[in-house]
Amino acid sequence: MKQAQNLIATNETQRAFNSWFQRAIQSVKNTRISLWVAIAAPFSVIFLATVTFQNINQTRLTNRFIEQSSIRLLDALSVSSKNSLHLFLEEPFRIQLEIGHAIANNRLYTEGNMERVYQYIHNTYVKLYNDKTQISVLSFGSEYGEFAGIRRENKPGQYALILKDDSTRQKLRIYADETPSKLITEFRSYDPRFRPWYMPVRGTGQARWSPIYTNYDEREDITMSATSPVMIGDRIIGVMDADIKLDGLSHFLRNDPLRKNGVIFIVDSHGQLVAQSTPGSIVAHRDGPGMPGQRLSMAESTNASIRAASATVLRLRDQENASFDINIARTKYYGRITKYIDPRGIDWRIVSLVPETDLMGDARDQNLLWFYLIFSLAVAFGLIGLIAIRRVIRSIEKVVAAAKELTLEKQTVMIPATGFLQETKALAQAFNDMSERLHESYQAMRNQQDTLTETLDKNSAMLLDIVRKEVDLRELNEQLEARVTERTEALTVSNTALRTAIAEAEQKSAEANAALAQLKEAQSKLIQSEKMASLGQLVANVTHEVNTPIGAIKSSGSTMLTALKEGLLSLPAQVRTLETEEFAAFEQLTQLTQRPPAVRSTQEDRKNLREIISQLNHFGIANSAKMANMLVQCQAVPSDIELLLPILRNNRAEELLKMAYHISTSISCALNVNVAVESVSRIIFALKSYSRQGQSNIQTEVNVKDTLDTVLLLYGNAIRRGIDLVKNFADVPIIHGYPEELSQVWTNLIHNAMQAMHYQGMLSVSLWADEHNIYIKIVDSGPGIPPQIRAQIFDPFFTTKPVGEGSGLGLSISRSIIQKHGGEIVIDDSIEKGTAFVVNLPISP
């Protein structure tokens with residue numbers, strides 16, 4: 001019964017809402033506006049729309065003109081800059097090639113003597129190429145480490161000689177002018193073969209541009225070099241080099257006649273500045289004396305326009321001739337990025353920025369002024385039109401007022417037929433005619449009043465009929481209540497069936513929970529299986545890692561035993577026969593054997609050997625060549641020979657030298673054993689750390705850096721076989737988690753990376769943190785993951801490895817572990833070669 005009452009109440013509410021809605025619609029329909037509004041409103045709307053459209057169209061045309069002008073100017077500026085840059089760089093490249101060919105063809109180079117080389121370079125540079133101001137240094141470096149070059153000084157026509165050969169005692173010296181007279185500075189350890197301009201050419205044997213680097217002199221200019229190999233036959237005898245200071249690039253950009261108020265700058269493919277047309281250095285300040293400067297990135301530039309365009313340039317740097325526009329300090333700039341690529345070693349981007357004022361001047365302001373003028377005239381004409389409309393409507397309003405007076409039952413109402421429009425006069429005359437006819441109609445209506453009275457009587461009879469129909473309606477309501485009762489009983493039956501269905505659903509839910517528990521147990525077993533597989537991989541690597549130091553210990557022990565048997569056991573008997581001076585000399589010889597092994601070049605070793613042989617011959621020592629070899633093995637140098645003469649003149653000199661050599665060998669072997677033992681200790685400590693991590697399901701403090709170091713140490717043997725490991729670890733905070741599970745993630749990712757590279761290539765492991773997360777990035781130089789399967793690599797049992805080499809669970813389990821820690825593991829698509837996985841872990845739980 002209650003449900004029936006609710007249904008009736010709902011129906012009453014619906015009827016009330018429908019009634020209100022009908023009244024609202026009728027009210028809107030009955031709303032009337034004045035003629036003034038009906039005419040003035042459309043007129044105003046049309047006026048405003050016309051002016052707005054005119055402004056929009058003018059603005060669109062202006063913007064189109066500016067865009068077309070910017071395209072033409074940027075095209076011209078880009079082509080001009082690219083051609084100028086090509087001419088600026090190509091001359092040094094051609095010049096150093098020609099000089100290098102001349103040095104080879106004329107056989108100007110002689111080992112130890114660079115005089116003919118620097119004389120030829122000096123004459124060629126000063127007489128033929130003095131006007132090539134972009135060349136700062138023209139030089140030649142030999143395969144034996146000598147160097148000769150001419151450097152352009154700041155004063156016009158002044159040059160400095162840079163020389164390293166036997167005449168400078170193999171030290172790099174920089175002189176004040178073109179002759180080896182007044183010395184400016186000296187460098188003892190300079191070797192051109194290991195400079196950035198020498199090594200790429202030495203490795204490839206091809207002419208190329210060097211990377212940008214800092215010069216090895218007192219100026220430490222930021223420089224790039226055009227280099228080529230100097231060859232006689234198939235043998236490289238040295239490398240020819242023409243240096244270009246980056247300041248020179250900036251000068252020619254500033255002098256571009258098309259630039260006006262724009263900005264031109266050059267960046268490499270990594271976004272670091274190479275040159276810029278604006279004042280200011282492209283090099284950061286040094287941190288201390290002797291520390292070379294570092295090139296700035298675009299975002300670090302001293303120019304605000306370059307900093308503002310940096311993000312856009314980095315985003316579009318790989319596109320060919322990309323265009324863009326940006327707003328800088330309320331000024332719109334149009335930009336163009338042009339690639340400048342030289343297959344000999346240059347991958348740059350020329351970026352041109354042109355302000356809108358260079359394209360249009362004050363045209364936009366003039367356009368705005370004309371718009372205000374046109375708008376003012378349009379407003380004036382619009383007001384005149386509205387006044388005219390008002391005068392026309394005023395005549396119509398008089399007709400309306402007269403029509404209202406007719407409702408007061410006056411006999412007649414007449415209005416004057418005046419006005420300046422023919423239509424309003426005709427309207428007044430028509431109203432007067434209507435007034436007279438209404439008077440006549442009024443009289444006729446009085447005659448019809450009696451007839452209406454009779455009609456009212458008939459309507460009363462009709463009202464009685466309506467009352468009868470209302471009684472019938474009440475009977476219909478009673479029948480409706482009976483039907484509602486029947487419907488309530490049917491709902492009760494439906495509720496019973498619903499309760500039965502709910503009970504069945506609860507039973508199925510319990511069955512689903514049981515199946516879920518079984519699934520979790522199976523998942524746990526799979527994870528444990530994957531852990532055992534990872535442990536097996538680590539055990540194999542640890543076995544190799546431990547075998548290496550054990551082999552070193554075994555070899556060193558065997559060598560020490562041989563030394564004891566062959567020399568040291570007979571040492572006391574031999575020493576007892578020595579006289580005082582001979583014993584002192586022998587004691588000095590044993591001290592020499594304890595020197596740390598010197599790191600010298602082959603040329604230096606041959607030079608020492610020749611000098612020792614010469615001294616032995618001078619002092620009359622027999623068998624000088626053999627004795628000199630034994631002295632070199634005992635770490636002796638020419639200055640030690642006079643101190644060792646008493647022992648060298650002894651009849652048993654050769655046996656005594658062998659004993660000293662055995663002492664040196666024993667000391668070296670003992671050091672090798674110590675190093676091997678320390679290596680084994682580190683491996684055992686790392687293995688213990690890996691095996692003892694988090695053995696429970698309780699979160700503990702985790703040092704992510706230690707877990708990464710542990711896994712890398714256990715894989716040390718595999719890495720040393722051919723993998724170049726790059727570690728970039730920053731200090732990160734301690735987090736809470738499960739150390740054993742995180743170590744399993746690093747094990748899976750590092751092992752997959754090494755397998756992908758076939759244990760040959762580069763492996764990069766990085767660790768850093770921000771305010772909220774710790775990030776771990778593992779990159780390999782393998783073939784990478786094809787795009788079509790990247791969406792599947794985290795799926796369980798999906799693997800690209802041959803049957804028997806992978807279960808397809810490593811990455812799936814790794815992602816589950818990272819998600820368990822509240823983190824995320826993704827593939828970094830930004831690298832061009834190889835595969836990069838990035839893991840982020842929240843710092844706060």
Side-chain angles (χ1 to χ4, degrees), residues 85-152 159-168 172 178-180 190-213 215-217 223-245 248-249 341-346:
L85 180 60
H86 178 74
L87 294 175
F88 188 87
L89 296 177
E90 195 62 26
E91 280 296 292
F93 207 98
R94 179 186 62 80
I95 290 169
Q96 61 87 22
L97 278 174
E98 292 178 357
I99 296 176
H101 288 318
I103 291 173
N105 294 336
N106 297 322
R107 307 293 176 120
L108 299 179
Y109 168 67
T110 302
E111 181 180 355
N113 187 353
M114 301 292 284
E115 180 178 2
R116 295 173 63 197
V117 173
Y118 76 70
Q119 287 293 346
Y120 180 80
I121 293 175
H122 171 264
N123 294 335
T124 305
Y125 191 14
V126 173
K127 294 179 181 180
L128 298 181
Y129 303 120
N130 184 45
D131 60 333
K132 307 303 180 184
T133 56
Q134 64 264 50
I135 302 177
S136 61
V137 177
L138 202 58
S139 62
F140 170 80
S142 76
E143 276 293 281
Y144 294 99
E146 292 108 350
F147 182 86
I150 297 296
R151 184 178 72 184
R152 182 187 296 271
Y159 299 90
L161 170 64
I162 307 175
L163 184 63
K164 178 191 175 186
D165 61 4
D166 288 347
S167 67
T168 65
L172 183 71
E178 300 105 303
T179 61
Y190 178 78
D191 191 335
R193 295 171 295 181
F194 300 101
R195 295 296 294 154
W197 57 269
Y198 195 105
M199 290 191 293
V201 177
R202 189 186 191 191
T204 63
Q206 300 292 327
R208 59 178 289 113
W209 287 102
S210 75
I212 297 174
Y213 64 94
N215 257 349
Y216 197 103
D217 58 14
T223 306
M224 64 177 294
S225 298
T227 59
S228 62
V230 179
M231 305 183 69
I232 297 179
D234 295 333
R235 182 172 65 91
I236 295 179
I237 65 170
V239 173
M240 190 66 202
D241 161 53
D243 290 352
I244 299 175
K245 292 196 298 184
L249 291 177
I341 296 177
D342 190 327
R344 296 171 297 190
I346 294 180

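Basis for what follows: all heavy atoms, side chains included, without hydrogens, waters or symmetry-related copies.
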Do the side chains of [Y] and [X] get nearer than 4.5 Å, heavy atoms only?
{"X": "Y118", "Y": "E178", "result": "no"}
{"X": "I212", "Y": "T223", "result": "no"}
{"X": "I232", "Y": "R107", "result": "yes"}
{"X": "V239", "Y": "P192", "result": "no"}

How far does [atom1] of [X] sit from [atom2] of [Y], to the nearest 0.5 angstrom?
{"X": "T168", "Y": "E146", "atom1": "OG1", "atom2": "CD", "result": "9.0 Å"}
{"X": "E90", "Y": "D342", "atom1": "CD", "atom2": "CG", "result": "7.0 Å"}
{"X": "T179", "Y": "L163", "atom1": "OG1", "atom2": "CG", "result": "11.0 Å"}
{"X": "Y109", "Y": "I103", "atom1": "OH", "atom2": "CD1", "result": "11.0 Å"}
{"X": "L89", "Y": "H86", "atom1": "CG", "atom2": "NE2", "result": "8.5 Å"}
{"X": "S210", "Y": "D243", "atom1": "OG", "atom2": "CG", "result": "7.5 Å"}

Test ring pair (Phe, Tyr, Trp, His ring centres under 6.0 Å) applied to Y129 - qualifying residues, sequence neighbours left out:
none

Can you list the residues that meet the ring pair (Phe, Tyr, Trp, His ring centres under 6.0 Å) rule with Y198, with sequence neighbours excluded?
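Residues passing ring pair (Phe, Tyr, Trp, His ring centres under 6.0 Å) with Y198: none at all.
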
Is the side chain of Q96 donor-acceptor paired with the backbone N or O of S228 at a distance under 3.5 Å, no angle test?
yes

Treating N123 as the side-chain partner and Q119 as the backbone partner, does any N or O pair qualify as donor plus acceptor under 3.5 Å?
yes

Looking at [X] and [Y], what are the two nearest heavy atoms and their distance?
{"X": "E143", "Y": "I236", "result": "CG-O, 3.1 Å"}
{"X": "S139", "Y": "F147", "result": "CB-CZ, 3.2 Å"}
{"X": "R208", "Y": "G345", "result": "NH2-CA, 3.9 Å"}
{"X": "P196", "Y": "P211", "result": "O-CD, 3.9 Å"}
{"X": "D191", "Y": "K164", "result": "CA-NZ, 4.0 Å"}
{"X": "D165", "Y": "M114", "result": "OD2-N, 3.0 Å"}

Can you see whether T227 engages D241 through a side-chain donor-acceptor pair at a distance of less than 3.5 angstrom?
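No.
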
Any chance you could lay out the side-chain contact (heavy atoms from CB on, under 4.5 Å) test for R152 and T133, step after step, and finish with the verdict?
CA-CA 8 Å; R152 182 187 296 271; T133 56; 4.3 Å; yes

Please report the C-alpha distance between S142 and E111 in whole Å, then the side-chain angles of each, then the deciding distance to 0.1 Å, and finally whether the side chain to side chain donor-acceptor pair (under 3.5 Å) criterion is met.
CA-CA 8 Å; S142 76; E111 181 180 355; over 6 Å; no

Stepwise side-chain contact (heavy atoms from CB on, under 4.5 Å) check, Y125 with I135:
CA-CA 9 Å; Y125 191 14; I135 302 177; 3.7 Å; yes

Greater than 12 external heavy atoms within 6.0 Å of D131's CG
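Above 12, so yes.
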
Report the C-alpha separation of N106 and R116 in whole Å, then their side-chain angles, then the decisive distance to 0.1 Å, and conclude whether the side-chain contact (heavy atoms from CB on, under 4.5 Å) test is met.
CA-CA 10 Å; N106 297 322; R116 295 173 63 197; 5.6 Å; no

Step by step, work out the side-chain contact (heavy atoms from CB on, under 4.5 Å) result for L138 and M240.
CA-CA 8 Å; L138 202 58; M240 190 66 202; 3.9 Å; yes

Checking side-chain contact (heavy atoms from CB on, under 4.5 Å) between S225 and each of F93, W197, W209, which is the one that passes?
W197

